[in-house]
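Values below: all heavy atoms of this structure, side chains included; hydrogens, waters and symmetry mates excluded. All values reported here derive from a predicted model rather than from experimental measurement. Just so you know, ligand 1 is whichever comes first in the structure, and atom 1 is the first atom listed for that ligand. For reference, positions follow the sequence shown, starting with 1.
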Amino acid sequence: MAYNLLKGKKGIIFGALDEKSIAWRTALRCHEEGAQLVLTNAPVALRMGTINQLAEAVNAPVIGADVTSMDDLKKLFEESMKHFGGGIDFVLHSIGMSLNVRKNKHYTEIDYGFNQKTLDISAMSLHRVLRTAWDMDALNEGASVIALTYIAAQRVFPDYNEMADAKALLEGVARNFGYHYGVRKKVRINTISQSPTKTTAGSGVKGFDGFISYAEKMSPLGNASADQCADYCVTLFSDLTKMVTMQNLFHDGGFSFTGVTQAVIEQMEK
Ligand code: NAI
């Protein structure tokens with residue numbers, strides 16, 4: 001059901017790779033709620049071509065940008081503002097990549113060169129995006145920025161590897177830039193800490209299937225889906241949450257505050 005919550009709003013969505021991507025689901029929901037969109041992803045991801053289906057469905061241009069390149073980001077914001085004929089009301093940062101996970105490097109023996117790249121792509125890229133917008137004064141008063149994160153930033157999930165540190169850094173950037181952009185222009189910056197979700201990035205985590213069913217059993221409401229995450233993003237992009245900023249918001253069916261569940265106890269007794 002659509003509520004017109006984003007009527008007249010203009011947003012940039014980073015990270016729609018395929019139809020399972022959280023960014024893909026969010027783009028569809030934002031479009032349904034009346035937003036105008038620009039889609040972006042790394043040039044290498046665009047070459048896969050699937051994003052064009054989404055672009056058609058939500059009537060949005062696709063502009064390539066590697067989030068580690070300030071030149072790409074500047075071009076993206078310039079072209080987006082030209083397309084919209086003005087400033088931007090919301091941004092979704094839905095980006096994650098771990099080189100050490102890809103190369104099967106254990107946390108205790110990570111390659112530091114890979115690690116720097118991981119932190120740049122998965123965490124400092126939020127700073128780069130915000131800095132670009134800040135320098136160009138690209139965000140409208142009261143705009144809303146969301147980045148996606150995971151609870152491994154607070155608690156240990158051994159197989160999440162270096163991404164745990166990347167997420168902790170990402171959440172720090174959201175808080176700190178949230179302060180400055182709030183003072184300057186009432187811009188809200190939050191992270192959503194999402195349940196494990198079957199996507200390309202999610203499935204890269206070792207033992208993901210066992211892990212997703214464990215989380216399901218450990219959450220009173222069960223795991224939150226990508227579509228439900230998209231719904232939550234819409235509320236945060238809307239005018240109904242204008243005073244929410246610098247928060248890490250758990251969207252996980254209650255997992256983060258559950259000590260144990262009956263379902264897990266029963267499993268242990270088997
Ligand atoms: P996904 O694989 O569909 O999306 C990740 C995106 O990052 C891809 O579109 C990829 O092209 C993009 N990306 C990678 N390197 C890039 C670069 N240099 N420049 C621009 N874009 C780049 O997977 P998913 O799950 O939708 O991931 C979105 C976000 O949600 C990530 O931050 C992820 O860590 C987070 N998240 C995912 C969970 C899951 O279980 N799937 C749980 C909690 C958070």
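For the pair Thr68 and ligand 1, no heavy-atom separation below 4.0 Å is found.
Shown are Ile146, Leu37, Ile12, Val145; of these, the side-chain contact (heavy atoms from CB on, under 4.5 Å) with Leu92 is made only by Ile146.
With a 4.0 Å cut-off on non-hydrogen atoms, Ile121 touches ligand 1 through its side chain and not its backbone. Heavy atoms of Thr40 found under 4.0 angstrom from ligand 1: none, in either backbone or side chain.
Atom 18 (N) of ligand 1 has Asp66 OD1, 3.2 Å as its closest protein atom, hydrogens excluded (heavy atom only). If you check which protein heavy atom lies closest to atom 44 (C) of ligand 1, you get Thr149 O, 3.0 Å. Nearest protein heavy-atom contact of atom 13 (N) of ligand 1 is Ile95 CG2, 3.7 Å. Counting protein heavy atoms only, atom 6 (C) of ligand 1 is closest to Ser94 O, 3.5 Å. For atom 21 (N) of ligand 1, the closest non-hydrogen atom on the protein side is Asn41 OD1, 3.4 Å. Nearest to atom 35 (C) of ligand 1 among the protein's heavy atoms is Leu148 CB, 3.8 Å. From the protein, the heavy atom lying nearest to atom 17 (C) of ligand 1 is Val67 CG2, 3.6 Å. Given atom 34 (O) of ligand 1, the protein heavy atom at minimum distance is Lys167 NZ, 2.9 Å.
Close contacts of ligand 1 with Ala45, meaning ligand atoms under 4.0 Å from a residue heavy atom, involve 11 (O). For ligand 1, the atoms sitting less than 4.0 Å from at least one non-hydrogen atom of Thr200 are 2 (O), numbered in the order shown with element in parentheses. Atoms of ligand 1 found under 4.0 Å from any heavy atom of Gln194 (numbered from 1 in listed order, with element): 42 (C), 43 (C). Of all atoms in ligand 1, numbered sequentially from 1 with element shown, those under 4.0 Å from a heavy atom of Ala65 are 19 (N), 20 (C). Each of the atoms 4 (O), 6 (C), 8 (C), 9 (O) of ligand 1 lies under 4.0 Å from some heavy atom of Gly15. Set against the non-hydrogen atoms of Pro196, the atoms of ligand 1 under 4.0 Å away are 40 (O). Atom numbering of ligand 1 starts at 1 in the shown order; those under 4.0 Å from a heavy atom of Gly202 are 39 (C), 40 (O), 41 (N).
Considering backbone and side-chain N/O of Thr199, one or more are found under 3.5 Å from N/O of ligand 1. At a 3.5 angstrom cut-off on N or O pairs, Thr197 counts as close to ligand 1. Residue-to-ligand polar distances keep Lys20 apart from ligand 1: every N/O pair is separated by 3.5 Å or more. The N/O atoms of Met97, backbone and side chain alike, include none that comes under 3.5 Å of an N/O atom in ligand 1.
For atom 26 (O) of ligand 1, the nearest non-hydrogen atom from the set Ile22, Thr191, Val205 belongs to Ile22. Looking at Ser195, Gly96, Ala201 and measuring to atom 38 (C) of ligand 1, the nearest heavy atom belongs to Ser195.
For the residue pair Tyr107 and Asp165, a side-chain donor N or O sits within less than 3.5 Å of a side-chain acceptor on the partner. Side chain to side chain, His93 and Ser125 meet the donor-acceptor criterion of an N or O pair below 3.5 Å. Gln247 and Asn190 share no donor-acceptor pair across their side chains, judged by distance under 3.5 Å alone. Side chain to side chain, Ser219 and Glu216 fail the donor-acceptor criterion of an N or O pair below 3.5 Å.
Inter-residue side-chain proximity for Phe14 and Leu76 is flagged as met; some heavy-atom pair is nearer than 4.5 Å.
Across all non-hydrogen atoms, the minimal contact from Thr132 to Phe77 is CG2-CD1, 3.7 Å. Scanning both residues, Val91 and Val129, for their nearest heavy atoms gives CG1-CG1, 4.3 Å. Closest approach of Phe255 and Arg155 over heavy atoms only: O-NH2, 3.8 Å.
Under a cut-off of 6.0 angstrom, the local environment of CZ in Arg184 is crowded, with over 12 non-hydrogen atoms contributed by other residues, nucleotides or ligands. Summarising the local packing, CG of Asn4 is surrounded by more than 12 heavy atoms from other residues, nucleotides or ligands at distances under 6.0 Å.
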Could you go step by step and tell me if Asp209 and Tyr214 meet the side-chain hydrogen bond (donor to acceptor under 3.5 Å, both in side chains) rule? CA-CA 9 Å; Asp209 286 346; Tyr214 170 72; over 6 Å; no
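No path of Ile, Leu, Val, Met, Phe, Trp and Tyr side chains, each step under 4.5 Å between heavy atoms, connects Val58 with Ile63, placing them in separate hydrophobic clusters.
Here the two rings, on Phe157 and Phe211, have centers that are under 6.0 Å apart.
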